[in-house]
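Below is one structure, written out as C-alpha cells; comments come after it.
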Amino acid sequence: MKIILLGKDGQVGWELQHSLAPLGELIACGRQDIDLTDSEALAALLYREKPDVLVNAAAYTAVDKAETEVELAHKINADAVAVMSRVMAELKGWFVHYSTDYVFDGTKTDSYEEEDDTGPLNVYGQSKLSGEQAVAESGCHHLLFRVSWVYASRGANFIRTMLRLGQQRDQLSVINDQVGVPTSAEFIAQVTALALYHVRQTNHDRWAQLSGIYHLVPDGEISWLDFARYIFSRARDLGMTLTINDRGLAAISTAEYGSAAQRPLNSRLNTSRICKNFNLVMPDWQVHADKAIREICLQGGK
C-alpha cells in the first residue's frame with residue numbers, strides 16, 4: 001500500500017509519520033514540499049505518485065485569524081480538499097481527512113452524532129464544513145474524522161500554553177462554559193492507522209459501508225477551566241514548580257473572553273459509529289493527557 005501524507009510537520013502529521021509507516025510505503029510531505037494553494041501542483045503530485053491512500057493532516061487552523069483571512073482559510077480547508085478528493089476518486093483510492101467539532105453551533109444539549117445538522121459559527125468552521133462537502137461530492141472512498149481540542153507534547157496547544165503560563169503568572173482567567181473532549185494527536189494517529197488496517201483487510205465490496213464521516217475523540221468531557229486545573233494538578237504531582245495555584249485560576253465566560261471568532265459551547269462528539277464499524281473501545285481522555293503532560297514536564301514545560 002502506497003500512502004501520501006500531507007502536513008507531516010503538524011501535531012497530527014508528526015504522529016501519523018510513526019503510525020502509518022508500518023502499513024506500507026509512506027511519502028510524507030510538508031509545506032516545503034507542496035503548496036496547498038497551488039491546485040495544479042497538488043493534482044500533479046497525486047497523479048504522478050498514484051497513492052492507494054492519501055492522508056491529509058494539513059489545514060488552516062488559526063481560528064481567530066481566519067475571520068480576516070477568509071480566502072486563505074477556504075483555499076486550504078476547502079479548495080485544496082476538493083482537489084485531493086476528486087483525484088483520489090479518479091485513482092480509486094482512499095482519502096483520509098480531518099475535520100472539526102466547529103462544524104456544529106454547540107447548541108445541542110447532548111453529544112453530537114455524525115448526521116446532526118451542522119451550523120458553524122466562524123469562518124474556520126465554515127471552511128472545514130465546505131471541505132467535508134467537497135469530499136462527499138467527489139464520491140471517493142473516505143475516512144473523514146471530526147476531532148476536537150487537539151493537543152500534543154509538541155507544537156502550540158492548550159496544555160503547553162497552560163504549563164508555560166503556569167510558570168510565569170499567578171493569575172489566569174480560563175473559559176468555563178465551553179465543554180468538550182481533549183484529544184491527543186497521538187491517539188488520532190493511532191486510530192487512523194487502525195482504521196486503515198481494517199480497510200485493507202476488508203473486501204472491496206464492503207468499502208462503501210466503511211466510507212464516511214466519523215467522530216474521533218476519547219471518552220469523557222470537561223470544560224477548559226477544569227482541564228487547566230487538571231493540567232496544573234498533574235504537573236505538580238510530577239514535580240514541576242508553578243507560580244499559579246487553584247486560587248489564581250478564575251472562571252470567565254466565552255462572551256467575556258471576547259475572541260474574534262465565535263466558538264461552540266458544546267463540542268461533545270458521539271463516537272458510537274467509529275467504535276461499532278472498527279471494533280474500538282475509546283479510552284478515557286486522561287490516559288493520553290497524562291502522557292503528554294509528563295512529556296512536556298520532562299521538557300521543562302516550554
Side-chain angles (χ1 to χ4, degrees), residues 3-14 16 27-105 114 117-148 150 155-156 188 192 211-214 216 260-264:
I3 305 169
I4 288 182
L5 166 65
L6 302 178
K8 70 173 185 176
D9 298 317
Q11 292 182 114
V12 176
W14 181 265
L16 282 166
I27 301 172
C29 303
R31 290 180 181 176
Q32 70 278 13
D33 303 304
I34 185 69
D35 178 2
L36 294 186
T37 65
D38 187 340
S39 296
E40 292 185 2
L42 177 57
L45 169 69
L46 299 178
Y47 284 129
R48 182 176 69 249
E49 298 295 341
K50 295 181 172 56
D52 300 297
V53 178
L54 171 62
V55 180
N56 179 37
Y60 182 105
T61 58
V63 178
D64 289 321
K65 205 172 180 181
E67 296 297 306
T68 55
E69 293 187 343
V70 179
E71 183 178 359
L72 181 59
H74 278 272
K75 277 186 177 181
I76 295 174
N77 291 345
D79 297 345
V81 173
V83 172
M84 296 176 204
S85 56
R86 173 178 55 80
V87 175
M88 292 311 295
E90 294 178 18
L91 296 176
K92 301 187 185 308
W94 278 83
F95 181 40
V96 178
H97 181 59
Y98 301 93
S99 190
T100 172
D101 54 299
Y102 281 19
V103 299
F104 297 113
D105 65 8
E114 287 84 351
D117 291 339
T118 53
L121 302 175
N122 54 51
V123 170
Y124 167 72
Q126 291 162 4
S127 70
K128 295 298 283 185
L129 180 58
S130 294
E132 289 189 8
Q133 293 165 343
V135 174
E137 290 168 4
S138 74
C140 70
H141 286 113
H142 60 277
L143 299 174
L144 198 158
F145 297 119
R146 288 181 182 144
V147 299
S148 72
V150 179
I188 294 168
T192 298
S211 179
I213 296 176
Y214 294 94
L216 173 51
Q262 190 176 356
R263 288 162 168 78

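Contact check for V147 versus V12: no side-chain heavy atoms found under the 4.5 Å cut-off. Contact check for S130 versus H74: side-chain heavy atoms found under the 4.5 Å cut-off. Proximity of V70 to Q126: side-chain heavy atoms (C-beta onward) are nowhere separated by under 4.5 Å. Between P264 and F104, every side-chain heavy-atom pair lies at or beyond the 4.5 Å cut-off. Contact of the S39 side chain with the K75 side chain is not registered, since no non-hydrogen atoms from C-beta on lie closer than 4.5 Å.
In this structure, Y124 and T61 approach most closely via the heavy-atom pair CE1-CA, 3.9 Å. D105 and L121 make their closest contact through O-CD1, 3.4 Å (heavy atoms, listed as atom of the first residue, atom of the second, distance). Closest heavy-atom contact between K50 and L91: CA-CD1, 4.0 Å. The two residues S127 and A73 make their nearest non-hydrogen contact at CB-O, 3.8 Å. G139 and A89 make their closest contact through C-CB, 4.5 Å (heavy atoms, listed as atom of the first residue, atom of the second, distance). Pairing each heavy atom of L36 with each of A58, the nearest pair is CD1-CB, 3.4 Å.
Distance CD/E69 to CD1/I76: 9.0 Å, rounded to 0.5 Å. Taken to the nearest 0.5 Å, the CD atom of E90 stands 10.5 Å off from the CG atom of L46.
A salt bridge links E132 with R146; the closest basic N to acidic carboxylate O contact falls under 4.0 Å.
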side-chain contact (heavy atoms from CB on, under 4.5 Å) for T192 and F145? Distances and angles first, verdict last. CA-CA 9 Å; T192 298; F145 297 119; 3.9 Å; yes
For a side-chain contact (heavy atoms from CB on, under 4.5 Å) check, start with the C-alpha distance between V96 and L16, then their side-chain angles and the critical distance, and finish with the verdict. CA-CA 11 Å; V96 178; L16 282 166; over 6 Å; no
Let's go through Y98 and V55 carefully: what are the C-alpha distance in whole Å and the side-chain angles of both, what is the deciding distance for side-chain contact (heavy atoms from CB on, under 4.5 Å) to 0.1 Å, and is it a yes or a no? CA-CA 9 Å; Y98 301 93; V55 180; 4.0 Å; yes
As a quick check of understanding, evaluate side-chain contact (heavy atoms from CB on, under 4.5 Å) for Q32 and D9, giving each step before the final call. CA-CA 10 Å; Q32 70 278 13; D9 298 317; 3.7 Å; yes
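N77 places a side-chain N or O within donor-acceptor distance of the main-chain N or O of Y60, the cut-off being under 3.5 Å. R263 places a side-chain N or O within 3.5 Å of a backbone atom of A261 that can act as its donor or acceptor partner. Listed for the E67 side chain is a donor-acceptor partner under 3.5 Å among the backbone atoms of V123.
Checking S148 against D101 by side-chain atom types alone, no donor-acceptor pair falls below 3.5 Å.
The local environment of CD in E71 is sparse, with at most 12 non-hydrogen atoms from other residues, nucleotides or ligands closer than 6.0 Å.
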